[in-house]
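Position 1 is the first residue of the sequence, and the numbers go up from there. Note that these values count all heavy atoms, side chains included, but never hydrogens, waters or copies made by symmetry. Just so it is clear, the structure is predicted and the values come from calculations on it, not from any experiment.
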Amino acid sequence: MSEQLLEQLRDAIIGLDETGAKEIARRGLAEGVDPLGMIQHGIKAAMDDIGRRFSAEELFLPELMLSANAADAAVGVIEPALIKAGTTSKTAGKVLLATVEGDLHDIGKNILALLLKSSGFEVLDLGVDQKNDAILEAAGSNEVGMIGLSALLTTTMHRMKEFVELLQERGVRDRFKVVVGGAPITREFSDSIGADGYGADAVMGVELATKFLGA
Ligand code: B12
């Protein structure tokens, strides 16, 4: 039953059907399907498929945008259930999230924000296309313990390396844990730029926050 629903959710997103995606997500919640499972095996899987079709030129930018709307809408339906299932009563540390300069992708970052909040972390989400200077300034003035950077483009991931270098230049490298993620990011890349952690998915992002900030 749940596998069938996940397939319907994927089909709705791949079919660019925002209303259908919301409706299936609602039905999933009503039927007791795991909200995180819907995100990872429904929504994320569909977006990976969309990405493959875009690479193969079977889909183009307008379809990419419509699929993102459908994915966002389904995440919106699932959000309250995830927050409710979480452990919001405890207050863990503060995490800053941003998508790096030149990059407008935020669906994965928003899912990470949601999971962090549902795990009791305070999240300061700066949004997309954020310059390294602005990220560092916000991190300093808000006294965050961990900074999570997201990049989805191979042409923007170098911003993460520059961010770590900026922390070193300003003599504040030890003040913040820096974790990186996004589709093109790998553990090797993360190690090579001197980040403190790499998360292949949002669950790993929460594990890193728990490791670095406690929960
Ligand atoms: C949706 C989408 C868009 C939407 C974004 C809407 C939005 N609000 O985000 C729109 C239409 C705007 C878009 C635009 C473009 N896109 Co686009 N897009 C995608 C697509 C299909 C899905 C991304 C997504 O949302 N995935 C679902 C989420 C849930 O997954 P995720 O982001 O990977 O996040 C998970 C993990 O990575 C991790 N994570 C993410 N961030 C972080 C951060 C931390 C700290 C941690 C721990 C974990 C973590 O946790 C998340 C949840 O598990 C990808 C394909 C793909 N497979 O990634 C292409 C893709 C990223 N886009 C691509 C391209 C080329 C573009 C454009 C240049 C297209 C164009 N010609 O204009 C523009 C660039 C715009 C810009 N300047 O950023 C290419 C990039 C290729 C490359 N080599 O860099 C891809 C790979 C498609 C492809 N196969 O060609 N895109």
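- Between the side chains of Q130 and R159, not a single donor N or O lies within less than 3.5 Å of an accepting N or O.
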inquiry  = Using side chain to side chain contact (heavy atoms under 4.5 Å, CB included), reason through M157 and F189 one step at a time and then give a plain yes or no.
reply    = CA-CA 9 Å; M157 52 197 274; F189 174 76; 3.6 Å; yes
inquiry  = Using the rule given for salt bridge (charged side-chain N to carboxylate O under 4.0 Å, His left out), can you reason through K161 versus E165, listing the C-alpha separation, both sets of side-chain angles and the distance that settles it, and then say yes or no?
reply    = CA-CA 6 Å; K161 178 172 187 283; E165 288 166 356; 2.9 Å; yes
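- Looking at Y198, its side chain never comes within 3.5 Å of a backbone N or O of V179 through a donor-acceptor pair.
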request  = Test K117 against D125 for salt bridge (charged side-chain N to carboxylate O under 4.0 Å, His left out), laying out the working first.
outcome  = CA-CA 11 Å; K117 283 185 212 157; D125 187 349; over 6 Å; no
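- The shortest distance between side-chain heavy atoms of L5 and R27 falls below 4.5 Å.
- Side-chain contact between L116 and E122 is absent, with no heavy atoms from C-beta onward closer than 4.5 Å.
- At distances below 3.5 Å, at least one donor-acceptor pair connects side-chain atoms of T210 with backbone N or O atoms of V206.
- Of the charged side-chain nitrogens involved, at least one lies within less than 4.0 Å of a carboxylate oxygen, so that R53 and D49 count as a salt-bridged pair.
- Distance alone, capped at 3.5 Å, is enough to place a donor-acceptor pair between the R10 side chain and the H41 backbone.
- The number of heavy-atom neighbours closer than 6.0 Å to NZ of K94, taken from other residues, nucleotides and ligands shown, is above 12.
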message = Run the side chain to side chain contact (heavy atoms under 4.5 Å, CB included) test on I39 and L82 for me, step by step, so that the C-alpha distance in whole Å, both residues' side-chain angles and the decisive distance to 0.1 Å come before the verdict.
response = CA-CA 10 Å; I39 287 189; L82 259 188; 3.7 Å; yes
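- Looking at D103, its side chain never comes within 3.5 Å of a backbone N or O of D129 through a donor-acceptor pair.
- Counting heavy atoms from C-beta outward, Q40 and L6 have side chains that stay 4.5 Å or more apart.
- Without hydrogens or angle criteria, S67 side chain to L16 main chain gives no donor-acceptor distance under 3.5 Å.
- Side-chain contact check for L29 versus M38: some heavy-atom pair is nearer than 4.5 Å.
- Side chain of D201 to main chain of M204: a donor-acceptor pair is present (N/O by atom type, distance under 3.5 Å, no hydrogens or angles).
- I147 is listed as a side-chain neighbour of L149, based on a closest heavy-atom distance under 4.5 Å.
- Nearest approach of M47 to A71, heavy atoms of both residues: SD-CB, 3.8 Å.
- Put simply, the side chain of S150 reaches to within 4.5 Å of the side chain of L152, judged on heavy atoms.
- Looking at heavy atoms from C-beta onward, L96 lies in side-chain contact with L126 at the 4.5 angstrom threshold.
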Below 3.5 Å, can you tabulate the donor-acceptor pairs from side chains in residues 136-145 to any protein atom, sequence neighbours excluded?
unit_1: S141; atom_1: OG; unit_2: E137; atom_2: O; d: 3.0
unit_1: N142; atom_1: ND2; unit_2: A138; atom_2: O; d: 2.8

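- Residues A21 and A70 approach most closely at CB-O, 3.9 Å, considering heavy atoms.
- At least one donor-acceptor pair under 3.5 Å links the side chain of E63 to the backbone N or O of F60.
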request  = Please report the C-alpha distance between D48 and K44 in whole Å, then the side-chain angles of each, then the deciding distance to 0.1 Å, and finally whether the salt bridge (charged side-chain N to carboxylate O under 4.0 Å, His left out) criterion is met.
outcome  = CA-CA 6 Å; D48 285 344; K44 167 120 174 52; 3.1 Å; yes
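- Closest approach of I13 and I50 over heavy atoms only: O-CD1, 4.2 Å.
- Applying side-chain contact (heavy atoms from CB on, under 4.5 Å) to V123 and the options L97, L115, L114 leaves one that passes, L97.
- One finds a salt bridge joining R170 and D133 here, because a Lys/Arg side-chain nitrogen approaches an Asp/Glu carboxylate oxygen to under 4.0 Å.
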